Amino acid sequence: MTEIPEHLRKRAEAAKAKAKAAAGGDAPSADTPPADAPTGTAPTGDEKIPSHLLNRGTAAADMPAAPAGGPAAPVGGSGPDGHNQRLLTVVKSGSIQDTRALPVDKVHVWPHLLVAEFLSALAVTLFLLLFAIFVNAPLLELADFNKTPNPSKAPWYFLGLQELLTMFHPMVAGVTIPGIGLILLVMAPYIDRNPSKRPEDRKFAISLMTVHLMFWAVLVMIGSFFRGPGFNFVFPWNAGLFFEL
Amino acid sequence: MADDKKSGGMSQMSEQVQASQAWGSIFRPGSIFRKGYSDSPRNRSYVIMNSVLYHLHPVKVKRHAVKVSYTLCLGGLSFFLFIHLTVTGIFLMFFYRPTAAQAWNDIQTLQTAVGFGLLVRNMHRWAAHLMVLSVFLHMARVFYHGAYKPPREFNWVIGVMLLQFTLLLSFTGYLLPWDQLALWAVTVGTNMMGFTPVFGEQVRFVLLGGVEIGTDTLLRWYTLHVLMLPFVLVIFLAIHFWRVRKDGGISGPL
């Protein structure tokens, strides 16, 4: 869920690579602690950790035979070099203190967003007004149960389904296929667990969606423009349009 | 108002507008706004913070979020079309009675005898088709940007519900003119619903208010169209918009 910040992830990767390199190459490289310090589980040296702290930690680890301190350990220095504490880990300051949110480039909603919204709403209103002036909504003759128009078509967004009806049993075309399509659509975020939003990382998801959208678009087009009397396949340039919005 | 990104001509024009007498008389103190309005970061914040717009928008958004080329304004336009449809729909309600005997005549009268009746009905019809289209395109846009990914998964689910409510709103409105187109389009549509397994017949009976389309169907679909579906849609819209903000605004650049 939580995203690892970029700089931390990079640092961890670098450390991992370094550790791997150190473990792989037998010969101690410049990065590994000096030979006299036992390596084993000791973290590979990083110049930023003071070497005396590192040595103290590994030296303490070397003396497990020393009586276990426990909570009631005497204060008198009983550990190596007279220390009664040992270094378990060194946490570098950056990883826990660098929690300040990165500055985000922000703009005021007014005017930057509201002006864009207002103008786009204005443009759509203008378009609708002009379209409504020049193109009338259809109003055919009064509904008549005894006169079935040929062809009878559903509204355009259901014409894909009506088109499927010509190929499958109504149960499959009207319920099963759209039902499965709808469930897949709703579940999309839970099916597609790929965290990346970059198009080059989601070729499969994008192809699948495009095929899906094209499937319906083509069916709707065929149902709208290429179906004539009897819902038979016709070419609109021969038989004319059988389509009302 | 002078935007650093705009070209010199634009900023020059906005300077001229702001220097004009009309601008001064609107925005001077004591005019429409009691304290006047001068362009400052503080006043820009107050425009949102001290108005009902604060329910919809934060004071600031990521610079990326105002790029029209990213969203194409599709979500906002869908909402705007919904408002537009509500306004024109209320106008139509003044002249329409949902009974088989009167519906078609009412529409006919509206178109021929009511001032702007034809125009408003046309706008309502075209806006409805446009809304189906824009909601659909909005969904496609969100998918292609991967904007449904965490933390926005649930808002996608709400969005798919909104798409379905949009389709249902459009479909219920389709019957209301009670002409041949309406009757037979709805006949085709509801026949398909009858094939729902197990309770298909019941679903069809409830939706039609009987075994076949009639005046009861008209009243039923009218109530669904003007009251119930918009009511449910508004609730889902509220959740949708709230989640957009709670999930950190619109998704970032790719």
Side-chain angles (χ1 to χ4, degrees), chain A residues 1 104-114 116-117 120-121 124-125 128-129 131-133 135-145 147-149 152-158 161-162 165 170-171 173-175 182 185-186 188-190 192 195-199 202 206 209 213 244-245, chain B residues 1 41 44-45 47-48 57-63 66 68 73 76-77 80-81 84 104 107-108 111 118-119 121-123 125-127 129-130 132 140 143-146 148-150 153 156-157 160 167 170-171 174 177-185 187-189 192 195-197 251 254:
Chain A
M1 270 298 164
V104 180
D105 189 14
K106 286 193 165 187
V107 293
H108 272 101
V109 164
W110 168 257
H112 296 279
L113 183 55
L114 288 186
E117 284 178 341
S120 61
V124 167
T125 311
L128 275 177
L129 188 66
F131 201 82
I133 287 173
V135 187
N136 282 339
L139 183 66
L140 309 187
E141 62 267 40
L142 180 66
D144 186 349
F145 290 97
K147 225 166 70 184
T148 311
S152 300
K153 289 190 179 182
W156 63 272
Y157 37 82
F158 288 151
L161 291 179
Q162 200 177 348
L165 273 177
M171 165 94 178
V175 180
L182 208 58
L185 199 62
V186 170
Y190 305 99
D192 175 15
S196 174
K197 286 179 185 163
R198 298 152 58 85
R202 355 181 2 238
I206 286 180
M209 187 63 169
L213 295 184
E244 292 274 10
L245 264 176
Chain B
M1 191 75 111
R44 286 180 174 198
S45 304
V47 166
I48 303 296
H57 286 309
V59 168
K60 282 182 160 190
V61 289
K62 285 174 275 183
R63 184 180 291 279
V66 300
V68 174
C73 289
L77 282 182
F80 175 72
L81 285 169
H84 186 100
W104 189 84
I107 302 275
Q108 187 72 17
Q111 294 196 157
L118 178 61
L119 180 72
R121 172 165 185 252
N122 289 348
M123 280 175 48
R125 183 112 183 167
W126 302 137
H129 286 312
L130 201 58
V132 172
F143 187 91
Y144 284 122
H145 282 158
Y148 58 85
K149 303 202 168 194
E153 307 110 298
W156 167 269
V157 176
V160 176
L167 289 178
S170 177
F171 190 49
Y174 219 82
W178 201 246
D179 60 349
Q180 280 289 72
L181 179 64
L183 175 65
W184 294 99
T187 305
V188 172
M192 266 189 265
F195 286 102
T196 313
S251 65
L254 295 178

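Because the structure is predicted, anything quoted here is derived from the model rather than measured. Order of the sequence lines fixes the chain letters, A, B, ..., with proteins taken first and strands second; residue numbering starts at 1 for each chain. Only this structure's heavy atoms are used, side chains among them; waters, hydrogens and symmetry mates stay out.
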L119(B) side chain reached by I133(A) side chain, heavy atoms, under 4.5 Å
yes

Cut-off 4.5 Å, heavy atoms of chain A, and the answer for T187(B) is neither

Using modelled atom types and a 3.5 Å cut-off, is there a donor and acceptor pairing between side-chain atoms of R125(B) and backbone atoms of A132(A)?
no

Mind running side chain to side chain contact (heavy atoms under 4.5 Å, CB included) on D144(A) and Q180(B) for me, showing each step along the way?
CA-CA 6 Å; D144(A) 186 349; Q180(B) 280 289 72; 3.9 Å; yes

Would you name the heavy atoms of V186(A) and W156(B) that are closest together and state the gap between them?
O-CD1, 3.6 Å

All heavy atoms of A140(B) vs all of L213(A), minimum pair found to be CB-CD1, 4.0 Å

Heavy atoms only, distances under 4.5 angstrom: which of G174(A), A116(A), A154(A) has the most pairs with chain B? Name it, please.
A154(A)

Using 30° and 60° as the class boundaries, would you call the ring planes of H129(B) and Y157(A) parallel, tilted or perpendicular?
tilted

Side-chain touch C73(B)/E117(A), heavy atoms, less than 4.5 angstrom:
no

Which atom of M209(A) lies closest to which atom of Y144(B), heavy atoms considered
C-OH, 4.0 Å

Compare every heavy atom of Y174(B) with every heavy atom of E244(A), then report the nearest pair and how far apart it is.
O-OH, 3.6 Å

Once you round to the nearest 0.5 Å, how far does CG of L183(B) lie from CG of L142(A)?
9.5 Å

How long is the straight-line distance from CZ of F143(B) back to CD1 of I206(A), given to the nearest 0.5 Å?
7.5 Å

Given that the side chain runs from C-beta out, which part of V59(B) has a heavy atom under 4.5 Å from chain A: side chain, backbone, both or neither?
both

Report the distance from atom CG of L139(A) to atom CD of Q111(B), rounding to the nearest 0.5 Å.
5.0 Å

Any H57(B) side-chain heavy atom under 4.5 Å of L114(A) side chain
yes

Interchain contact, V175(A) with chain B, by part (heavy-atom threshold 4.5 Å):
side chain

Go through the steps to decide whether V61(B) and V107(A) satisfy the test side chain to side chain contact (heavy atoms under 4.5 Å, CB included), and finish with yes or no.
CA-CA 6 Å; V61(B) 289; V107(A) 293; 4.2 Å; yes

Out of curiosity, K60(B) NZ to L113(A) CG, how far, rounded to the nearest 0.5 Å?
14.0 Å

Kindly indicate whether the side chain of D192(A), heavy atoms from C-beta on, has any atom under 4.5 Å from the side chain of Y148(B).
yes

Distance (rounded to the nearest 0.5 Å) between F80(B) CZ and T125(A) OG1
3.0 Å

If you round to the nearest 0.5 Å, how far is CH2 of W126(B) from CG of N136(A)?
8.5 Å

R44(B) side chain near P111(A) side chain, heavy-atom distance below 4.5 Å
yes

